[in-house]
Amino acid sequence: MITLKPMTQEEFKQYISYAIEDYANDKIASGNWSEDEALDLSKKSFDRLLPEDEKTENNHLFSIFHNDILVGMIWIAQKAPTNSNEGFIYDFVIFEQYQGQGYGKKAMKEAEVIAKELGMNKMGLHVFGHNKIARSLYEKMGYEITNITMAKKI
């Protein structure tokens, strides 16, 4: 059974150190940032989006559990105050050792239930083009492409 529980302060500390590095690596892989600047820019992004850590208003950070085992994390934000009925998934991770076991799909379904309870009726997300596994999951969950940015090294 998959459950989403509000992230504790300790879980947030573990999450944020992983998330900053992971986001920096994704931005490097996508060609958006250089290795020299990536960690600093990633930290600044998280500081701006989560100034009050896991308690930041209109942001809902959850630890994902399978029974009592922590298998991942998800971060949902409301586009408040102008559009509190629209949400955005800023981050979603199933830890590597638990991937491929159906936890991602179940966690996304639970996140949608919670989002509806919070008054959201639309959910967006961003996925890096090189993350084919995540793209496949989101498409299976009914997410549709709304924008595509392409690049080529010349």
Side-chain angles (χ1 to χ4, degrees), residues 1-33 37-66 70-96 98-99 102-149:
M1 175 171 185
I2 290 292
T3 54
L4 274 60
K5 298 178 183 175
M7 201 178 282
T8 65
Q9 187 176 36
E10 186 60 36
E11 290 164 347
F12 179 80
K13 286 179 186 175
Q14 293 171 356
Y15 162 73
I16 200 68
S17 62
Y18 163 84
I20 289 170
E21 187 173 333
D22 188 55
Y23 187 59
N25 289 335
D26 278 334
K27 291 295 251 181
I28 293 166
S30 66
N32 299 124
W33 295 343
E37 66 184 348
L39 273 177
D40 186 53
L41 291 173
S42 182
K43 183 172 181 347
K44 286 178 181 175
S45 294
F46 280 90
D47 287 347
R48 180 179 48 81
L49 292 168
L50 294 171
E52 303 290 324
D53 296 338
E54 79 282 2
K55 294 177 179 77
T56 301
E57 188 176 11
N58 301 315
N59 287 267
H60 310 277
L61 291 99
F62 298 97
S63 296
I64 304 167
F65 289 91
H66 173 249
L70 179 65
V71 298
M73 312 274 190
I74 190 165
W75 167 17
I76 302 167
Q78 289 172 277
K79 292 186 178 180
T82 57
N83 262 344
S84 61
N85 63 328
E86 288 189 30
F88 193 84
I89 298 172
Y90 273 100
D91 201 5
F92 174 54
V93 61
I94 298 295
F95 302 134
E96 192 172 343
Y98 301 112
Q99 292 177 5
Y103 298 143
K105 191 172 187 178
K106 291 174 185 171
M108 290 290 289
K109 286 181 181 179
E110 286 298 311
E112 288 175 7
V113 169
I114 290 169
K116 284 180 184 176
E117 289 172 356
L118 291 167
M120 295 178 230
N121 58 24
K122 183 178 179 182
M123 186 68 65
L125 56 81
H126 169 270
V127 61
F128 287 99
H130 62 268
N131 194 343
K132 291 178 179 23
I133 293 171
R135 286 176 49 199
S136 175
L137 170 65
Y138 301 144
E139 288 171 2
K140 287 176 188 171
M141 296 296 301
Y143 285 82
E144 298 176 357
I145 295 171
T146 59
N147 297 285
I148 296 177
T149 301

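Numbers here are sequence positions counted from 1.
- Within the model, atoms CE of Met108 and CE of Met123 stand 8.0 Å from one another, a figure rounded to the nearest 0.5 Å.
- Listed here is the closest heavy atom pair of Ser63 and Met73: OG-SD, 3.7 Å.
- In this structure, the side chain of Ser136 does not engage the main chain of Lys132 through any donor-acceptor pair within 3.5 Å.
- Minimum heavy-atom separation, Arg135 to Gly129: NH1-O, 3.0 Å.
- Formation of a donor-acceptor pair under 3.5 Å by the Gln78 side chain with backbone atoms of Leu118 is found in this model.
- For the atom pair CG of Leu61 and OG1 of Thr56, the computed distance is 7.5 Å after rounding to the nearest 0.5 Å.
- Minimum heavy-atom separation, Tyr98 to Leu70: CE1-O, 3.6 Å.
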- Is there a side chain to side chain contact (heavy atoms under 4.5 Å, CB included) between Ile89 and Tyr143 once you walk through the steps? CA-CA 12 Å; Ile89 298 172; Tyr143 285 82; 3.7 Å; yes
Taking only distance into account, with no hydrogens and no angle test, what donor-acceptor pairs under 3.5 Å do side-chain atoms of residues 13-28 form with protein atoms, sequence neighbours excluded?
{"from": "Tyr15", "atom 1": "OH", "to": "Asp91", "atom 2": "OD2", "distance (Å)": "2.6"}
{"from": "Ser17", "atom 1": "OG", "to": "Gln14", "atom 2": "O", "distance (Å)": "3.1"}
{"from": "Asn25", "atom 1": "ND2", "to": "Glu21", "atom 2": "O", "distance (Å)": "3.3"}
{"from": "Asp26", "atom 1": "OD1", "to": "His130", "atom 2": "NE2", "distance (Å)": "3.0"}

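- Geometric assessment of Lys79 against the ring of Phe88 yields a negative cation-pi assignment under the 6.0 Å and 45° thresholds.
- Side-chain contact between Phe92 and Val127: absent, with no pair of heavy atoms (C-beta onward) separated by less than 4.5 Å.
- Expressed to the nearest 0.5 Å, how far OG1 of Thr3 lies from NE2 of His66 amounts to 9.5 Å.
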- Item | Criterion side chain to side chain contact (heavy atoms under 4.5 Å, CB included) on His126 and Tyr90, from CA distance to verdict | CA-CA 7 Å; His126 169 270; Tyr90 273 100; over 6 Å; no
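- Note that CD1 of Ile74 and CE of Met7 are 9.5 Å apart. Values are rounded to the nearest 0.5 Å.
- Note that OH of Tyr103 and CD1 of Ile64 are 11.5 Å apart. Values are rounded to the nearest 0.5 Å.
- Within the model, atoms CD1 of Ile2 and CD of Glu110 stand 8.5 Å from one another, a figure rounded to the nearest 0.5 Å.
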- Message: Using the rule given for side chain to side chain contact (heavy atoms under 4.5 Å, CB included), can you reason through Leu125 versus Met141, listing the C-alpha separation, both sets of side-chain angles and the distance that settles it, and then say yes or no?
- Response: CA-CA 12 Å; Leu125 56 81; Met141 296 296 301; over 6 Å; no
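- With Asn59 contributing its side chain and Glu57 its backbone, the two residues share a donor-acceptor pair below 3.5 Å.
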